[in-house]
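Read through the structure below, which is laid out as structure tokens, and then see the notes.
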Amino acid sequence: MKVRTRFAPSPTGFMHIGNLRTALYSYLYAKHNGGDFILRIEDTDRERYVDGAVEFIYSILKQAGIEHDEGPDKDGGCGPYVQSERKDIYLQYAKELIKKGGAYYCFCDKERLDSLADENGIKKYDKHCLNLSREEIEQKLSSGVPYVIRQNIPTEGMTEYTDMVYGTIRVPCEDMEDGVLIKSDGLPTYNFANVVDDHLMRITHVMRGTEYLSSTPKYNLMYDVFGWERPQYMHLPPIMKDAQHKLSKRYGDANFEDFIDKGFLPEAIVNYIALLGWAPKSNEEKMSLSELVDAFDVDGISHSPAIFDENKMKWLNGRYIRELSFEDFMKHAVKFFDSSVIKDKYDYNKFGKLLQGRIEIFSEIPSAVAFIEEFGEYDLSLFEHKKMKTDAKIAEVCLTEAIKIFEDIKDFNETEIHDRLVGRCEELGLKKGQMLFTVRVGLTGCASTPGGAVEMADILGKDESLRRLAFSLGLIKKHA
RNA sequence: GGCCCCAUGGUCAAGCGGUCAAGACAUCGCCCUUUCACGGCGGUAACGGGAGUUCGAUUCUCCCUGGGGUCACCA
């Protein structure tokens with residue numbers, strides 16, 4: 001049987017990293033096995049629906065390179081792929097389930113339901129309406145009393161299934177509640193819709209978070225009553241923000257879009273989250289989507305929660321940045337240059353060439369180039385460098401020399417700057433590093449810059465370089 | 001609280017009865033170098049606790065502890 005997996009997000013306007021990982025794993029599993037990946041929109045909760053959220057989902061999936069074979073925009077014969085458009089289907093199946101004894105009408109109002117709470121505030125429905133006679137039901141139905149349809153779960157017995165990642169899960173029936181299948185607004189709950197849709201859409205493997213691990217037996221009970229074949233399940237461990245909190249938007253934790261805005265590459269994000277909760281057989285961690293498809297296996301899925309480490313994702317992103325062609329690098333970098341001090345003033349390419357090899361995320365750009373506009377008093381300890389054996393004193397000598405040299409250079413270019421500076425070092429018995437280090441600091445007043453002394457001087461130009469060197473020299477003398 | 005699940009360095013993680021317990025991020029040190037960065041090399045750092053089973057447990061079983069999930073007309 002052809003493998004069919006699905007990703008079924010709710011259109012809430014956000015794409016959590018955890019959700020995206022579920023989509024990714026579902027996609028990887030399907031593609032690894034030559035199967036199809038289906039996109040279904042679960043919008044049965046009208047209160048959470050956000051306009052434009054479906055387009056947003058398409059956009060994220062596209063950026064991530066996760067392409068669906070079927071979905072609202074790609075009919076594969078199992079549509080509609082939006083749950084709100086399937087309302088009649090659910091009702092029809094709910095009625096069938098009632099006929100088969102797997103569900104029943106419930107007319108209890110909120111007040112009665114609330115009264116069922118135990119000392120811990122936990123409510124468990126008492127099957128009150130299961131005992132209604134056919135006449136009572138008909139009467140209430142025809143007189144328009146609001147109702148829901150509940151699942152009829154056996155009061156005793158054990159139900160079990162084998163999860164592909166967690167193994168055998170057993171839950172006593174008495175621990176499960178007769179949950180609502182069809183809400184009073186006529187729409188199904190997730191609990192029902194997912195069962196009906198997965199079956200109708202011929203989903204063979206269901207991947208989702210562990211929060212469904214213990215409610216899956218309820219779904220299986222429905223499959224059984226319907227006489228449908230149960231799908232295979234793969235529950236995925238949660239992604240955590242720290243040891244005790246899940247990553248979630250409720251606490252303002254970053255989602256996919258935020259990371260893109262921060263200057264992460266989609267490929268790097270996808271690569272990183274693939275590794276959060278799954279490990280390849282090999283030790284290679286930088287993997288393209290197609291490499292992930294090849295390598296993906298259920299065995300490698302972890303059972304315990306994983307803490308999201310932005311640091312490691314940054315490192316990975318840095319590797320991706322370095323492998324970009326210069327053109328692609330600039331394409332991503334432009335908007336960050338645009339929001340930096342060099343906008344409209346300097347050649348982006350010049351900075352880009354220096355920066356591609358040293359930044360990890362694009363948002364580092366503005367601060368990396370800030371030195372070009374921001375220059376003033378700085379701490380002279382910046383001139384201290386143990387290995388180079390430099391300090392403010394050496395700097396005074398070097399800067400004095402550098403000023404003379406710069407003044408003397410007619411064609412102010414990198415080669416000339418470098419050769420003259422280095423040449424002078426030999427005459428004076430100074431180390432190259434001493435000269436270049438102090439000049440770099442003297443030119444920028446920064447501990448870290450996008451390039452060395454030569455590049456900085458070249459970018460600043462002769463006049464500005466001279467001005468800054470003079471300023472730095474003055475600074476040193478003032479504090480001497 | 002009931003039920004379900006999980007437990008290797010700070011983090012992600014290999015491991016699936018016998019290993020000096022991989023690798024990666026971070027961190028530290030060294031090298032390279034035109035600072036930082038990049039790159040290269042190396043160091044520090046882990047099996048939560050207690051009983052079993054076994055000739056031998058990180059690995060199997062049980063208990064404890066810790067953590068997560070779930071108990072909605074949300075998904």
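All values below were derived from every heavy atom in this structure, side-chain atoms included, with hydrogens, water molecules and symmetry-related copies excluded. Numbered from 1 within each chain, the chains take letters A, B, ... in sequence-line order. Only a predicted model underlies this, so the values are computations on that prediction, with no experimental measurement involved.
- To the nearest whole angstrom, the two P atoms, one in B/U8 and one in B/G48, are 6 Å apart.
- The residue A/K123 sits close only to the backbone: its heavy atoms come under 4.0 Å of sugar-phosphate atoms, none of a base.
- Between A/Q83 and A/P305, the residue anchored closer to the 5' end of RNA chain B is A/P305, taking for each the nucleotide with the nearest heavy atom.
- With rounding to whole Å, A/K281 atom NZ is found 15 Å from B/G23 atom C1'.
- Using a 4.5 Å cut-off on side-chain heavy atoms (C-beta onward), A/R21 and A/I239 make contact.
- Ring geometry for A/Y125 against A/Y104 counts as parallel: the plane angle stays under 30°, on a 0 to 90° scale with 60° as the upper cut.
- Remark: A/R468 fails to qualify as a cation-pi partner of A/F471 under the 6.0 Å distance and 45° angle criteria applied to the six-membered ring.
- When the side-chain nitrogen and oxygen atoms of A/T210 are compared with OP1 and OP2 of B/G68, none of them lie within a distance under 4.0 Å.
- In this structure, A/Y212 reaches the bases: a heavy-atom distance under 4.0 Å links it to at least one base atom across the strands shown.
- Side-chain contact between A/K262 and A/F362: absent, with no pair of heavy atoms (C-beta onward) separated by less than 4.5 Å.
- Counting only heavy atoms from C-beta outward, the side chains of A/P9 and A/F7 approach each other to under 4.5 Å.
- Atom NZ of A/K281 is surrounded by more than 12 heavy atoms from other residues, nucleotides or ligands within 6.0 Å.
- Rounded to whole Å, the distance from OH on A/Y105 to P on B/C73 is 19 Å.
- Across the protein-nucleic acid pair, A/I122 atom CD1 and B/G1 atom C1' stand 7 Å apart, rounded to whole Å.
- Among the nucleotides B/U70, B/C73, B/C16, the one closest to the side chain of A/E211 is B/U70.
- A/S10 and A/Y190 share no donor-acceptor pair across their side chains, judged by distance under 3.5 Å alone.
- Pairing for B/G56 is absent, with no Watson-Crick or G-U wobble pair whose two atom distances lie under 3.5 Å.
- Taking the P atom of each, B/A14 and B/G23 are spaced 15 Å apart, rounded to whole Å.
- For the pair A/K218 NZ and B/C71 C1', the computed distance is 8 Å after rounding to whole Å.
- Under the 3.5 Å distance criterion, with hydrogens and angles disregarded, no donor-acceptor pair is assigned to the side chains of A/T210 and A/H303.
- Picking from B/G68, B/C4, B/C25 the nucleotide with the shortest atom distance to the side chain of A/I169 gives B/C4.
- When the P atom of B/U8 is taken as reference, atom NE2 of A/H303 falls 13 Å away, rounded to whole Å.
- The side chain of A/P172 lies closest to B/C3 when the candidates are B/C74, B/C3, B/C12.
- Ring pair A/F296/A/Y25: centre-to-centre distance below 6.0 Å.
- Cation-pi check for A/R230 over A/Y223 is not met; the charged atom does not lie both under 6.0 angstrom from the ring centroid and within 45 degrees of its normal.
- A distance of about 12 Å separates the C1' atoms of B/G9 and B/C25, rounded to the whole Å.
- Taking the side chain of A/A279 as heavy atoms from C-beta on, and the options B/C16, B/C12, B/A14, the nearest nucleotide is B/A14.
- Across the P atoms, B/U53 and B/C62 are found 15 Å apart, a figure rounded to whole Å.
- In this entry the distance linking CG of A/L316 with C1' of B/U11 reads 15 Å, nearest Å.
- The side chain of A/K246 lies closest to B/G69 when the candidates are B/A26, B/C73, B/G69.
- Within 4.0 Å of A/T44, counting heavy atoms only, lie sugar-phosphate atoms of the nucleic acid but no base atom.
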Starting at the 5' end of nucleotides 35-48 of chain B, put B wherever the base has a protein heavy atom under 4.0 Å, S where only the sugar-phosphate does, and a dash everywhere else. BBBSS---------
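- If you take atom P in B/G17 and the same atom in B/A57, they sit 14 Å apart, rounded to whole Å.
- At a threshold of 4.5 Å between non-hydrogen side-chain atoms, the residues A/D198 and A/R6 count as touching.
- Relative ring orientation between A/Y272 and A/F308 is described as perpendicular, the plane-to-plane angle rising above 60° on a 0-90° scale split at 30° and 60°.
- With a cut-off of 3.5 Å on both Watson-Crick or G-U wobble distances, the partner of B/G66 is given as B/C6.
- A/L276 comes within 4.0 angstrom of sugar-phosphate atoms only, judged by non-hydrogen atoms across all strands, and of no base.
- Distances from the side chain of A/D175 to the nucleotides B/C4, B/C3, B/G23 place B/C3 closest.
- Applying the Watson-Crick and G-U wobble criteria (two distances, each under 3.5 Å), B/G1 pairs with B/C71.
- Of the C1' atoms belonging to B/G50 and B/G66, the separation is 15 Å, rounded to the nearest Å.
- For A/E427, the CD atom is densely surrounded, since the number of other residues' heavy atoms within 6.0 Å is greater than 12.
- Each of A/D299 and A/N311 was matched to the nucleotide of RNA chain B holding its nearest heavy atom; the match closer to the 5' end belongs to A/D299.
- Taking atom C1' on both nucleotides, B/A13 is separated from B/G18 by 23 Å, rounded to a whole Å.
- Using a 4.5 Å cut-off on side-chain heavy atoms (C-beta onward), A/E310 and A/F264 make contact.
- Using Watson-Crick or G-U wobble geometry with both donor-acceptor distances under 3.5 Å, B/A21 finds no partner in any strand shown.
- Checking B/C25, B/U34, B/U70 against the side-chain heavy atoms of A/S214 singles out B/U70 as nearest.
- If you take atom C1' in B/C6 and the same atom in B/U58, they sit 16 Å apart, rounded to whole Å.
- Among B/C12, B/G23, B/U34, the nucleotide with an atom closest to any side-chain atom of A/I307 is B/C12.
- Separating the NZ atom of A/K432 from the C1' atom of B/C32 is a distance of 12 Å, rounded to the nearest angstrom.
- Spacing between atom CD1 of A/I301 and atom P of B/A13 amounts to 12 Å, rounded to whole angstrom units.
- For A/V171, whose side chain is taken as the heavy atoms from C-beta onward, the closest listed nucleotide among B/C3, B/C5, B/C25 is B/C3.
- Rounded to the nearest 0.5 angstrom, A/T159 OG1 and A/I169 CD1 are separated by 11.0 Å.
- With a 3.5 Å ceiling on both atom-pair distances, the Watson-Crick or G-U wobble partner of B/G29 is B/C41.
- Residues from residues 416-430 of chain A that place a heavy atom under 4.0 Å from any atom of RNA chain B, listed by number: A/H418.
- Of the residues in residues 176-184 of chain A, those with a non-hydrogen atom less than 4.0 angstrom from any atom of RNA chain B are A/E177, A/V180, A/K183, A/S184.
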